[in-house]
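Data block below; observations after.
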Amino acid sequence: MIKQISFAVVFAVKLFSFSIYNLGDSRDKALLIVGGIHGDEHGGYLTPALFIQEYKILNGRVVVIPNLNTESIVVHQRGVNGDMNRKFENLDSSDKDFQTVQELKKFILNEKISTLLNLHDGSGFYLRNSRNWGQSIVIDKEIAGEVSLKNSAEGVVNRINKNLPKEHLFGVKNTETSQDSYLEMLGSLTYFAIQRGIPSFGVEVSKELDEVKRVLYHLEVIEQFLRESNISFRRNFELNEDILSQKLKDYGKVTINGNIELPLNNLKKRLNYFPLAENNNTFQFSHPLGKAIRVKNRFDIYIAHRRITSLYAQYFKLDEIEPEDIYIELDGNRTKVDFATTSSLKFKRSFKVITPPDIRANVIGYRSRGNETNIEIPSSKIERRFAIDLAETLFRVEFYRETNFIGTIILINEL
Ligand SMILES: [Zn+2]
């Protein structure tokens, strides 16, 4: 399944088992970044996800696939159906990756792709041991068509090495795929693309490095390839480990069925009695690697391979209401409620929900004998342990019409 994101300059095409994000001018030839072909290589999929959220393409075009092997990313395995990066030459139609591989091949052949980058985290350090892959730009041969892959890769390597500590320097690894010992690479994505005239490179950052460093180095390599392709871009932050570490911890939000906007940072691992529909629930994540997986009576919410929380469902029929029919007073200030965008409602001392007579509210953590609308509820009367987050500041208020569920708002109690 594919998710949508609400980032303004980006849209995700919803036809594939993986997501495709078009950034920049769609009429141009594109630099294609493929992430997540191997599901246990964090840098390889966290980097393109961050790129989609944080980079703006000013001139030219970049297409990003952050999650090619979605199924393997969630379970954090190289490939649940074997190594996908060996399946681009010949593949039996019964192979479980067949559809994904075919979709990507078709996409590459139908689009105007100027350069392809396939992102990996590789073993060790190539410059210390040439059998290793880490810290290298991988090419399948020296010349492809009229392009010297070697010269391009060396140019990128020389420029990024200027700023790297000695032990993390990159090298260019030529697998000479068509002739020698790396015969298994004939089935690789880059080799497939090169055979079709597209200059392609594997980007391998060392698995010996922590996640933040891997993303940092992947981004530095990508930026060099963008410069080489004359694609101009903007990022509104300095490229360093402190800032990247913060950004990688931001899981964003998920909008569920259009009637709950759940913030995903710092959540408790388990949320009970979570109102959902019995079937066909929709989950729209702001993070490109967000995914909801149903396991019996619960829905596990993932960002990449990390389980953020589990929603233990209580099933309801869904009902709709005009949003302007519900108000909330936060410390005496009245606001309209819109269920799809309500995770930033803040109060300090007290709040009051105001609804039409047929709408009932349930403030989770507040004990009362009856309807909880149209009464002032002081923050001191809410039991903290019912908060959805670890800091115990976020509280659910649910709305119902008779036995049907209408929506939830999340209130932030600023202390
Ligand atoms: Zn890999």
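First listed ligand is number 1; within each ligand, the first listed atom is number 1. Along the sequence shown, residues carry numbers from 1.
Only protein N, O or S atoms were scored, and 4 of them lie under 2.8 Å from the Zn ion (ligand 1).
Between F201 and F225, the ring center distance clears the sub-6.0 Å criterion. Between F339 and F399, the gap from one ring centroid to the other is short of 6.0 Å.
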Set out, in order, the CA-CA distance, both residues' side-chain angles and the distance that settles side chain to side chain donor-acceptor pair (under 3.5 Å) for D121 and H38, then state yes or no. CA-CA 9 Å; D121 300 354; H38 290 142; over 6 Å; no

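Within a 6.0 Å radius of NZ in K269, other residues, nucleotides and ligands contribute more than 12 heavy atoms. Taking a 6.0 Å sphere around CZ of F98, one finds it holds more than 12 heavy atoms contributed by other residues, nucleotides or ligands. Within 6.0 Å of CG on N240 lie more than 12 heavy atoms contributed by other residues, nucleotides or ligands.
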